[in-house]
Amino acid sequence: MNVTTAASGQTDRRAATIVMACLGVFVAYLPITTVAVSLPAIQRALHTSTAQLSWVQDAFVLPMAAFILTAGLFGDVHGRKKVFQAGLFFCAAGATVALCAHNVQTLWAGQALAGLGSAALLPTTLALISHAVPDFRERGKFIGMWAMALLAALAVGPVVAGVILDHYSWRWIYLLSIPLPLVAMAVAAPLLTDSRAPHGRKLDWPGQITAAVAVTALVYGVIEGGAESFTTPKVIAALTLGVAALVAFVVAEKRSTSPMLDLAVFRSAAFTATALIALITFLGLIGFFFVLSLYFGMVQQLGTLEAGARLLLVPAAAIVSGAPAGRMMHRVSARVMITAGLLLVAGSLLALTNIDADTSYGSIAWRLIVLGLGLGLVTTPMTATAVAAVPHHLAGMASAANNAFRQVGGALGPAVLGALLSTRAVHSLPGHLADAGVTGTQAHTVVATAKTGGLGAVAGMNLGSTAGQVYGALGDSLLDGLRLCFVVAAVLVLIAAVCAVTLLRRPRQTRVGAAEAVDTARRHDRSPEPSAEKAGAGSPLG
């Protein structure tokens, strides 16, 4: 009876841990599409330039990328439950600040706080699942649930924003992100099982500082370079600092006795592949949401709810295809699923290049559904492979690193594609104005306004009787920029597919890489868990 009761209690604890992990990743990702679909409303209300608008999303994603490894390490050292709770608190605090924002700078501050919270949640949620389910074959099913919670957050965001913005101010899109994490904190306190790394890891301040500087400087340089010029002194200084900090990070991690990111994990071909795929895919995906929201708002002049309903198709379709992906990993290799998914995503992005201002809902819908189906095939096996490709005791580090690459890509996405969109649109605007019959002083004023204040600033001009012609030219210019962004995003996804085909083709390499990572861990810690080698030696690649 006691044995049965203990087993039942352990099962209940595991179930509670998995539920809270899924809720945590839902809270972490909810602001991404909620804010993305609200960008046109935010731009109109706060009178922001395109570069400032890019920073609304990057202020959230950048702290995620810069501090996610540190959060994973804090969880390993001090307990993942504590870091999980702290992440929920910062998400609620950031949403509160953003809700009260009356200028773009305050909004950035709120987004940054929420981003710090999400940085704490992402590695700890996966590490909690890895601890609760040490068998990687069984774990794939639960990581699939985690991935579905992530996609569910992306799906709910546009609906929430659309309903709110049709009746209230944009700031109320943050309302759900306040009580949800607070309730989760209260529920997790008695139910969540704590865990930490058993190998005496310690904080790696040189690694953290250099990583944060590298990510911040590189993203800042890309955003400002796209908004102004990549030859300006501040952009050159930022990019140079970013590269130097990245080199310093690698040196610091090689010399550290307890590295924040053990570079030995990259000896696993499977882990390296998933890191590159995460970086490239999310660069295209988050950037795609950014530019597509501008298309719906500024080109098709749709309301937020209508735009949200269209964006909803991507994560909804991803849930449909991603739900069985975790179960399929025992029968279909991760290489096949990831490659097939990436090819579907690339094909749909290329199909989007022929849309225009009058493209119907149905014509856009099938493209977005195909993109979502491909994304669902990528998310679960990519995450499960990254965690299973390293020894069990490095699961927290692996999940943090995979999420860090994902968020670096997510931070660069709006920056890179936003810069391409603005540059291409402003470059083609004079020609479209001339075609529309707008010339002379007025054309010069419109172009100058677009260059200094962003494309959205043109809408605030007093255009008189030529307003329709100018808006038509502006829409055509935006379409030129959008088409370029879709092509670039498709090329990036195809590069990710090449990584999947090349690096995931030999499961034996994954096992060797995992064994080498174990040897490295032994050199740092002479008393590893007896089960660590066994848990890390398996591979989900089939």
Side-chain angles (χ1 to χ4, degrees), residues 31-60 95 97-111 157-175 223 226-227 287 289-311 357 414-415 417-419 421-422 425-426 429 445-464 466-479 481-482 485:
I32 291 181
T33 49
T34 307
V35 174
V37 77
S38 307
L39 289 174
I42 293 172
Q43 186 172 42
R44 289 191 297 269
L46 300 181
H47 309 292
T48 66
S49 67
T50 303
Q52 289 176 319
L53 201 64
S54 296
W55 273 109
V56 171
Q57 278 202 308
D58 279 316
F60 174 82
V97 172
L99 188 148
C100 299
H102 290 281
N103 55 59
V104 73
Q105 290 78 16
T106 306
L107 180 58
W108 290 343
Q111 287 280 89
V159 177
V160 171
V163 171
I164 289 174
L165 289 176
D166 269 5
H167 300 89
Y168 306 103
S169 166
W170 64 268
R171 68 184 68 257
W172 296 106
I173 63 173
Y174 291 99
L175 185 60
I223 291 177
F289 275 120
F290 177 78
V291 299
L292 195 64
S293 68
L294 295 181
Y295 165 74
F296 288 139
M298 299 180 67
V299 178
Q300 292 203 321
Q301 300 292 311
L302 298 178
T304 307
L305 186 57
E306 293 176 292
R310 286 157 174 76
L311 286 175
L417 296 190
L421 174 66
S422 296
V426 171
L429 183 57
T445 303
V446 168
V447 173
T449 301
K451 286 182 177 179
T452 56
L455 299 170
V458 177
M461 295 177 60
N462 183 11
L463 300 170
T466 62
Q469 296 162 277
V470 172
Y471 290 151
L474 184 64
D476 290 337
S477 300
L478 276 168
L479 282 171
L482 285 164
C485 289

(Q) Are Tyr174 and Val35 packed together at the side-chain level, in the sense that at least one heavy-atom pair is separated by less than 4.5 angstrom? (A) yes
Q: Name all residues meeting the side chain to side chain contact (heavy atoms under 4.5 Å, CB included) criterion together with Val160; count only those two or more places apart in sequence or in a different chain, and write none if there are none.
A: Val156, Ile164, Leu176
Q) Distance from Leu107 atom CG to Cys100 atom SG, nearest 0.5 Å? A) 11.5 Å
Q: Verify, without hydrogens or angle tests, whether Ser38 (side chain) and Thr34 (backbone) share a donor-acceptor contact under 3.5 angstrom.
A: yes
Q: Report the distance from atom CD of Gln300 to atom CG of Leu479, rounding to the nearest 0.5 Å.
A: 9.0 Å
(Q) I need the Leu292 CG to Leu417 CG distance, nearest 0.5 Å. (A) 11.5 Å
**Q.** Spacing of CZ belonging to Arg44 relative to CG belonging to Leu39, to within rounding of 0.5 Å
**A.** 10.5 Å
**Q.** Which atom of Val446 lies closest to which atom of Leu429, heavy atoms considered
**A.** CG1-CD2, 4.1 Å
Q) Quick one: does Tyr295's side chain get under 4.5 Å of Leu478's, heavy atoms only? A) no
Q) So, do Leu175 and Tyr168 sit near enough that their side-chain heavy atoms are less than 4.5 Å apart? A) no
